[in-house]
Amino acid sequence: MRVQWIAVLLALGLPVSAVAQDAPEAAIAGDPPARAQRLTLADIPRATGPARLLFDGKGLDEWEPWLGYDDPGLTYRRPAVAPLGVPAAAAPYFSVVEEDGAPALRVEGKTWGSLVHTADLANYHLSLEFKWGDQVWAPRLTDPQNNGLLYHSHGAPGAVWGTWMRAVEFEIMLGSTGMVVPVGNEVRARTTAAQDRGIIYPHRRFRVGGRPIDVTNNGNPDWNVEGARDAEKPVGQWNRLDLYVVGDRAIHVVNGVPVMALTDLAEIDAAGRRVPLTHGRIQLQSEGAETFFRDIRVEPIARLPRLVSR
């Protein structure tokens, strides 16, 4: 979800692509160049307890839907109208269907919002499989298919742009799956990055040993960092995501490839203090593209795996 930076561009009445091309390059002049790294995981932790299915393939009793605006094009424009909020029924926005011969959770994508699991999770390994459907919706008809796995979600539903809870995002977007985006102006995450001119502004890609940065979403060049590489499978195939979270640290893994490591997940409180984010709920976004999810499970862990760069 490319939230605050895009919102600033829209507020100025400027095309996102044009502004990105003319963005102030001096703001990222200190980033080292991105060079290929082979990242692997070592010392993968064993579960400290039984695994739990977050989606049982039968229904959505443990999930709570929330919808933004009837016209998603209003999302970043601070509209005077209220968001739709809790729908009378989850379907058709979120539903259980059969896909490839097995139950799957379908996110329609037409109306933006989220499906929020009721559990408050900490110190866990979450895994799921996703694949893109055929349908895309305005205003993202020509943009990459987009969704997101939001974790450490907290606060009021719709607190961010009337549509999402505050959270840290494990981006699910064609070509950018594994990216980190803070969802909400107050959310922070630290990582290390390098400059890759082959990706969109701010041209930042995760790199072990790269420039330490604090990722924030306040209309600045630090609003996102792309994964170390694109490890997604071709459209139509199932992809596996693994999220390892212990305290205020996290690792994003796409199809067995670690692509992002984060530390110091936090939120800035009303007094301006940095408060660690160590737990929260899971949101599956709806943001313009039909998406299927299955085999969503979580197991407790006591430590993160070790990230190895070769």
Side-chain angles (χ1 to χ4, degrees), residues 1-9 16 20 23-32 34 37 39 76 146-155 159-161 164-173 175-196 199-230 241 243-254 258-269 272-278 280 283 285 287 304 307:
M1 179 180 59
R2 307 178 183 280
V3 182
Q4 184 73 19
W5 182 248
I6 289 178
V8 171
L9 308 184
V16 172
E25 300 300 335
I28 57 171
D31 289 356
Q37 285 184 317
L39 302 181
Y76 303 130
N146 192 18
N147 204 303
L149 167 62
L150 277 56
Y151 59 100
H152 283 355
S153 303
H154 59 284
V160 181
W161 305 106
W164 300 287
M165 297 171 71
R166 296 193 298 274
V168 181
E169 180 168 11
F170 185 142
E171 179 72 88
I172 303 173
M173 184 167 69
S176 297
T177 296
M179 174 197 291
V180 60
V181 183
V183 181
N185 293 350
E186 306 85 358
V187 177
R188 302 287 187 271
R190 289 189 172 122
T191 191
T192 52
Q195 185 174 128
D196 182 350
I199 57 178
I200 67 164
Y201 185 82
H203 314 303
R204 280 184 155 152
R205 188 178 291 284
F206 172 70
R207 179 177 174 81
V208 173
R211 181 185 186 181
I213 63 169
D214 200 17
V215 189
T216 69
N217 210 335
N218 291 293
N220 55 44
D222 299 324
W223 69 271
N224 86 332
V225 175
E226 296 255 7
R229 71 177 181 88
D230 179 9
L241 305 185
L243 169 65
Y244 294 91
V245 181
V246 173
D248 62 353
R249 298 174 296 144
I251 293 176
H252 299 181
V253 182
V254 180
V259 297
M260 178 67 60
L262 303 168
T263 63
D264 300 298
L265 304 177
E267 184 166 71
I268 306 302
D269 69 10
R273 297 170 297 195
R274 190 180 184 110
V275 179
L277 277 179
T278 60
Q283 298 178 79
Q285 277 188 312
E287 200 176 355
L304 292 178
L307 189 61

Salt-bridge contact Arg188-Asp222 (side-chain N to carboxylate O under 4.0 Å): no

By side chain to side chain contact (heavy atoms under 4.5 Å, CB included) - contacts of Val208 (at least two apart): Gln37, Leu39, Phe206, Leu307, Ser309

Criterion side chain to side chain contact (heavy atoms under 4.5 Å, CB included) on Arg207 and Asp196, from CA distance to verdict: CA-CA 10 Å; Arg207 179 177 174 81; Asp196 182 350; over 6 Å; no

Residue pair Trp223 / Val215, side-chain heavy-atom distance below 4.5 Å: no

Plane angle bin for Tyr76 and Trp161 - parallel if under 30°, tilted between 30 and 60°, otherwise perpendicular: perpendicular

Side chains of Glu171 and Thr177 in contact at under 4.5 Å (non-hydrogen atoms): no

Residues which pass salt bridge (charged side-chain N to carboxylate O under 4.0 Å, His left out) with Asp248, listed by chain and number, not counting sequence neighbours: none

Worked verdict on Thr192 versus Arg211 for side chain to side chain contact (heavy atoms under 4.5 Å, CB included): CA-CA 5 Å; Thr192 52; Arg211 181 185 186 181; over 6 Å; no

Any Leu241 side-chain heavy atom under 4.5 Å of Val253 side chain: no

Val181 side chain near Phe170 side chain, heavy-atom distance below 4.5 Å: no

Trace of the side-chain hydrogen bond (donor to acceptor under 3.5 Å, both in side chains) decision for Ser176 with Glu226: CA-CA 6 Å; Ser176 297; Glu226 296 255 7; 3.0 Å; yes

Heavy-atom side-chain contact between Arg249 and Leu265 under 4.5 Å: no

Side-chain donor-acceptor pair present, Ser153, Gln283, cut-off under 3.5 Å: yes

Pairwise side-chain contact, Val187 with Val168, heavy-atom cut-off 4.5 Å (strictly under): yes

Backbone N/O of Leu262 and side chain of Thr191: donor-acceptor pair under 3.5 Å: no

Closest non-hydrogen atom pair, Gly210 against Pro32: CA-CG, 4.3 Å

Salt bridge Asp31-Arg204, side-chain N to carboxylate O under 4.0 Å: yes

Modelled atom types, side-chain donor and acceptor of Asn147 and Gln285, under 3.5 Å: no

Ile213 versus Ala193, closest heavy-atom pair with distance: CD1-CB, 4.1 Å

Side chain proximity check, Arg274 to Asp214, heavy atoms < 4.5 angstrom: yes

Beyond-backbone contact of Asp264 with Pro276, side-chain heavy atoms, under 4.5 angstrom: no

Pairing residues for Tyr244 by the ring pair (Phe, Tyr, Trp, His ring centres under 6.0 Å) criterion, not counting sequence neighbours: His125

Check: His152/Glu267 side-chain N/O donor and acceptor closer than 3.5 Å: no

Asn224 side, atom CG; Met173 side, atom CE - distance, nearest 0.5 Å: 8.0 Å

Nearest heavy atoms of Ala250 and Leu243, plus distance in Å: CB-CD1, 4.4 Å

Point-to-point distance, once rounded to the nearest 0.5 Å, from CG of Asn146 to CD1 of Ile172: 9.0 Å

Spatial distance of atom CD (Glu186) from atom CG (Leu277) [nearest 0.5 Å]: 10.5 Å

Atom pair CZ (Arg273) and CG (Asp269), whose distance is rounded to the nearest 0.5 Å: 4.5 Å

Side-chain donor or acceptor of His252 paired with backbone N/O of Gly178 under 3.5 Å: yes

